[in-house]
2 protein chains.
Amino acid sequence: MRNSAGGFAGTVGRVVSIGGRTIQVLGKARRILDCFSPEQPELTFGQLRRATGLPPSTCLRLLNSLLEFGFLEREGDRWRPGIRLLTWAAAAAEGMDIGRRAGPVLRRLRDATGETAAVWVQRGGVRVSLAIEETHHPVRRLLSVGQVLPLHAGSGGKVLLAYDEALAQRVLSGPLQRYTERTLVDREAWEAELALIRRRGYAVSFEERDREAASISAPVFDAGGRIAGAVGIAGPSQRFQPDRMEAWVRSVLEAAAELSRQLGYRAAAGSEQPAPAAGGGTP
Amino acid sequence: MRNSAGGFAGTVGRVVSIGGRTIQVLGKARRILDCFSPEQPELTFGQLRRATGLPPSTCLRLLNSLLEFGFLEREGDRWRPGIRLLTWAAAAAEGMDIGRRAGPVLRRLRDATGETAAVWVQRGGVRVSLAIEETHHPVRRLLSVGQVLPLHAGSGGKVLLAYDEALAQRVLSGPLQRYTERTLVDREAWEAELALIRRRGYAVSFEERDREAASISAPVFDAGGRIAGAVGIAGPSQRFQPDRMEAWVRSVLEAAAELSRQLGYRAAAGSEQPAPAAGGGTP
DNA sequence: ACTGCTGTTCCACGATGCGGAACAGCGCCG
DNA sequence: CGGCGCTGTTCCGCATCGTGGAACAGCAGT
């Protein structure tokens, strides 16, 4: 449990393969890889052994094998993910329609607003940033590609919930970690918030997850009318002032519409904002 | 063989674990993941089976297991690397000193020159881009993080060879693929080129790998005086004109010196350019 | 209907990875 | 100095786990 959102919790442990068994050693390999995070990118054997709960010999054999095959690297007594993962990750991002298309759209959004622009997708009950274009403002780095964040805090997460009823049900019925005073944790508040997001076609977050950050996000839909991800901007909350919001919201909505269009989504005729049935139905 | 440089060829197949055996299924898993590339980010079962040479049942079991654990994703009959790899890759980049420090230095280099700035490291006989800051020029994307390129073409590769004698020996004694008319393939030309690079402290490439691209790179040294990577700029060759080169070379050398300093390297006293003994000896 | 291709399931076999136990190297503390 | 607790590492016999051949299903093109 090192990622700030608790990892890809939704898929951990459940083995649901249809026909044959799953290869268990791959699960152990993943448990090892999941110990690493941008905050803890290097770990010792002991830390890994304790974090995974594997017997020493098994853990070491696994580590050596992962090392051999480039999943891990080793420097003295510190282990870290191997550089090969960068190459595979590049293919992963490229393999998703929304990831492949994100670059130019995000750059335009970043240049129009001046803020960091990002695309988020949902996986296993959390959201992951698929692409980022950073602001030119000289501030600390807020976001990075591959970052795992919760769905229940921040505009990107809220958008992903607002347009996926089953997901919202699942996520919001569990306990919701409170990150700041503004984090939404109350069930009724959520109902209202998600309805508002669906009505407006975008979400705003003001210090829900990070006490100093704000963001605006809008949904991206695929050819089937289902939500494929969220696109938005984020930055220091003091820059998200009322006088700018209207223009920024428009820019975010344009970026979302453009991405949706590229994914083959046909917006409902006569409507400016994409607003298909919540829950993923076809409009 | 899908990556333009033929993958991490140097480490494929050799099993050199000291004590126990290595877990072979992880090698098969890697063979599968290695089939994907930014150019071919989605593959069918049949393509994977042929590319890996695995028996159908073994291949499918592996694919299902990799799917189960998030290494892969599946959409209909297309398989692709899983988004989880992005998260691991972020930790991988963060885990390397040079990767962790690269961001601000690259941004400065990019802003000083206007061209795309990148950090390269060597792994298994090829080079991999660890970090990129893209130019603001509206041109096609030349480089991306995690990209695998050959060592024997392009300024970044040449720098990595020039300051690692053993590596140069190994790489240059094999066959060298010719990418353009300017690709260096002659043994004697290489001797001269590497000597020149060491004398100057930087390397220049003009359409050696890509008929329309040029680049300038300089070595980054770690605390032990060994080469840790290369930092440089790349762009359309028509922008790399003589009148700009002097200033750009200076910017690249400054970026390299700054990164080396951050890694704990102490430049030889009285020398402007870092120039330790070639081959990785302590200065 | 036949052929060739996809992707999938089944199953008995035995190689392969398992993990307990014992070991080695080090720093700490009494 | 000797003992203790902690690292990381090696060993080895057992049975578990992954293996891959074979057979199947679904489909497209002759």
Check the distance between [N]'s [atom2] and [X]'s [atom1] and give it to me in whole angstrom.
X: R50(B); N: dG7(C); atom1: CZ; atom2: C1'; answer: 12 Å
X: L60(A); N: dA21(C); atom1: CG; atom2: P; answer: 18 Å
X: L48(B); N: dT6(C); atom1: CG; atom2: P; answer: 12 Å
X: L26(B); N: dT16(C); atom1: CG; atom2: C1'; answer: 13 Å
X: N64(B); N: dC10(C); atom1: CG; atom2: P; answer: 13 Å
X: L54(B); N: dG21(D); atom1: CG; atom2: C1'; answer: 15 Å
X: L62(B); N: dT8(C); atom1: CG; atom2: C1'; answer: 16 Å
X: F45(B); N: dG26(D); atom1: CZ; atom2: P; answer: 17 Å

Does a nitrogen or oxygen in the side chain of [X] sit under 4.0 Å from OP1 or OP2 of [N]?
X: T58(A); N: dG19(C); answer: yes
X: K28(B); N: dG18(D); answer: no
X: R49(A); N: dG8(D); answer: no
X: R61(B); N: dC10(C); answer: no

(request) State whether the side chain of S173(B) and the backbone N or O of Q169(B) hold a donor-acceptor pair below 3.5 Å, judged by distance alone. (result)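 Judged by distance alone, yes, a pair lies under 3.5 Å.
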(message) Does I23(B) reach a base, just sugar-phosphate, or nothing at all? Heavy atoms under 4.0 Å.
(response)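 The answer is sugar-phosphate, as I23(B) gets under 4.0 Å only of primed atoms, P, OP1 or OP2.
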(message) Taking any heavy-atom pair under 4.0 Å as a contact, classify R78(B): base, sugar-phosphate, or nothing.
(response) nothing
(request) Assess whether one donor atom and one acceptor atom, taken from the side chain of T44(A) and the base of dG8(D), lie less than 3.5 Å apart. (result) no
(message) Using the side-chain heavy atoms of P56(B), tell me which of these nucleotides is nearest: dC11(D), dT9(C), dT8(C).
(response)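 Shortest atom-to-atom distance from the side chain points to dT8(C).
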(request) May I ask you to test the R30(A)-F71(B) pair for a side-chain heavy-atom distance under 4.5 Å? (result)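 Yes. Closest side-chain heavy atoms under 4.5 Å.
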(message) If the threshold is 4.0 Å, N to carboxylate O, is there a salt bridge linking D34(B) and R31(B)?
(response) no
(request) Answer yes when E73(A) and R80(A) have at least one side-chain N-carboxylate O distance shorter than 4.0 Å, and no when they do not. (result)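 Between R80(A) and E73(A) there is a salt bridge, with a charged N closer than 4.0 Å to a carboxylate O.
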(message) Looking only at side-chain N and O atoms, does E258(B) offer a donor or acceptor that is under 3.5 Å from a partner on Q262(B)?
(response)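 Yes, E258(B) and Q262(B) have a side-chain donor paired with an acceptor closer than 3.5 Å.
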(message) Quick check: on DNA chain D, is the nucleotide nearest G46(A) upstream (toward 5') of the one nearest Q24(B), or the reverse? Name the residue that is more 5'.
(response) G46(A)
